[in-house]
Amino acid sequence: MMSRMKKLLCLAFALTAGLASAQGKFPDGTIKMIVPFAPGGGVDNAARLIAKQMQTGLNVSIIVENRPGANGAIGGKFVQTSAPDGMTLLFSASTHALAKLVTANPPYDPWTDFAYVARVGEAPLLMVISPNLPQTKLKEVMDAARQNPDKWTAGLPALGAASHLGTLMFAKQGNLNLATVVYKGTAPALTDVAGGHTQILMDSIISLQGMAKSGKVKPIIVTTTKRSSVMPNVPTAVESGFPKFVTESWYGIWAPKGTPDDRVQILNKAANEAVRQLTKSGAFEQLGIEPITESTDEFRKYTNTYITDNAELLKGAGFKPE
């Protein structure tokens with residue numbers, strides 16, 4: 001009797017251990033989530049929300065560390081050369097995916113030197129202008145920039161970012177020869193627009209809505225087909241008479257190439273669950289983020305399509321990698 005009971009207990013233990021192994025457990029330690037832009041921007045805000053929520057699912061600490069510079073390449077290089085153990089992650093935007101298309105000598109290949117972990121959300125772009133400018137409508141801004149090109153400059157938080165692509169679309173729609181200046185992230189660009197040193201900025205509504213609502217910058221349009229719930233009084237470009245002026249920003253998580261697939265899958269599940277919880281609590285909606293939960297394969301396929309589509313936009317605009 002005791003022998004049979006012992007066998008049953010051993011079998012139960014083995015099944016439990018096997019289940020735990022199949023589900024996977026993340027190793028002890030602290031995960032570094034690298035944001036390759038300055039604090040205070042849309043990428044940084046989204047990263048901090050996701051990191052805080054993922055801690056619960058993984059039962060490990062996650063710290064967000066900003067490593068801005070070189071159009072996101074400094075932070076990207078740090079992650080790419082980190083140990084492939086899942087303990088160092090990159091949280092970035094579409095900028096990362098397009099690095100090969102906008103940088104003359106990128107320090108890594110964003111398509112093959114990283115493991116795809118999760119795409120977590122997308123957000124409309126918001127266009128703002130300096131508060132002292134008289135224009136209030138998209139067509140008025142286009143007309144003024146066309147008539148006096150030497151008085152209008154657009155800020156770019158990073159080359160290849162959704163803000164960059166949106167600015168190219170804006171210039172194309174308005175038939176503009178628009179000067180641009182590249183910043184080390186959204187925050188410094190936004191400061192210059194608020195101060196009137198740079199006239200136009202397009203970036204995710206996450207990072208611009210605060211100063212737009214306070215009147216420190218003037219909102220003009222959002223770039224999705226419907227108005228944003230966080231700024232419902234701001235019209236879309238479509239409403240403003242430009243039906244092809246539609247684009248958005250998106251956010252994702254990558255790990256170093258060679259990170260074991262089981263750890264990547266654990267991180268993917270934790271990220272997707274974090275998105276679900278942030279959506280349920282309303283935290284994503286407050287920032288204007290549309291939630292996304294995808295498998296790692298879906299993330300990779302989406303990125304491939306995104307790269308193909310925007311390579312054509314960059315080429316059509318005559319953009320040369322810098």
Side-chain angles (χ1 to χ4, degrees), residues 24-48 50-52 54-55 58 60-120 157-162 164 182-188 250-271 274 296-297 299-300 302-304 306-307 321-322:
K25 181 184 181 301
F26 216 74
D28 294 333
T30 299
I31 293 175
K32 274 188 180 181
M33 185 174 281
I34 305 299
V35 174
F37 303 108
V43 180
D44 182 64
N45 289 337
R48 292 179 188 279
I50 286 287
K52 186 176 181 181
M54 281 181 67
Q55 288 185 137
L58 292 172
V60 297
S61 296
I62 302 178
I63 59 169
V64 175
E65 185 176 303
N66 299 88
R67 288 180 174 258
N71 200 49
I74 290 177
K77 187 65 178 177
F78 179 84
V79 175
Q80 187 240 335
T81 54
S82 294
D85 54 9
M87 303 304 287
T88 306
L89 305 174
L90 177 69
F91 190 102
S92 192
S94 49
T95 322
H96 176 70
L98 298 183
K100 271 181 76 172
L101 301 179
V102 299
T103 307
N105 297 295
Y108 48 73
D109 187 329
W111 309 339
T112 60
D113 286 344
F114 295 82
Y116 290 77
V117 174
R119 194 164 71 101
V120 298
L159 292 175
H164 181 193
V182 183
Y183 289 83
K184 290 183 179 180
T186 302
W250 57 267
Y251 308 98
I253 302 171
W254 292 262
K257 178 182 178 180
T259 301
D261 187 61
D262 61 338
R263 291 195 182 178
V264 171
Q265 296 306 323
I266 293 171
L267 289 165
N268 174 265
K269 288 180 174 59
T296 55
D297 285 342
F299 181 20
R300 185 181 293 103
Y302 172 88
T303 304
N304 290 340
Y306 183 83
I307 290 166
E322 297 180 11

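Considering only residues two or more places apart in sequence or on other chains, Asp85 meets the salt bridge (Lys or Arg N to Asp or Glu O under 4.0 Å) condition with none of them. Applying the salt bridge (Lys or Arg N to Asp or Glu O under 4.0 Å) criterion to Asp297, with sequence neighbours excluded, gives Arg300. Among residues two or more places apart in sequence or in another chain, the salt bridge (Lys or Arg N to Asp or Glu O under 4.0 Å) test is passed with Lys257 by none. Partners of Tyr183 by ring-ring contact (aromatic ring centres under 6.0 Å, His included), not counting sequence neighbours: none found.
Heavy-atom contacts from other residues, nucleotides or ligands closer than 6.0 Å to CG of Asp261 number more than 12.
The aromatic rings of His96 and Tyr108 sit tilted, their planes meeting at an angle between 30° and 60°.
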Only pairs under 3.5 Å count here: list side-chain donor-acceptor contacts from residues 87-95, not counting sequence neighbours, and write none if there are none.
from	atom 1	to	atom 2	distance (Å)
Ser94	OG	Tyr306	OH	3.2

Quick one: side chains of residues 64-72, donor-acceptor pairs under 3.5 Å with protein atoms, not counting sequence neighbours, listed by atom name and distance.
from	atom 1	to	atom 2	distance (Å)
Glu65	OE2	Arg67	NE	2.5
Glu65	OE2	Arg67	NH2	2.9
Asn66	OD1	Arg48	NH2	2.9
Asn66	ND2	Phe37	O	3.0
Asn66	ND2	Asp44	OD1	2.9
Asn71	OD1	Leu159	N	2.3
Asn71	ND2	Leu159	O	2.8

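To the nearest 0.5 Å, atom NZ of residue Lys77 and atom OG of residue Ser82 are 10.5 Å apart. Going from atom OG1 of Thr186 over to atom CG of Asn45 covers 9.0 Å, rounded to the nearest 0.5 Å.
For Gln265 and Thr296, the side-chain atoms include at least one donor-acceptor pair closer than 3.5 Å.
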>> Determine whether Ile62 and Thr30 satisfy the following criterion, side-chain contact (heavy atoms from CB on, under 4.5 Å), listing intermediate values before the conclusion.
In response: CA-CA 6 Å; Ile62 302 178; Thr30 299; over 6 Å; no

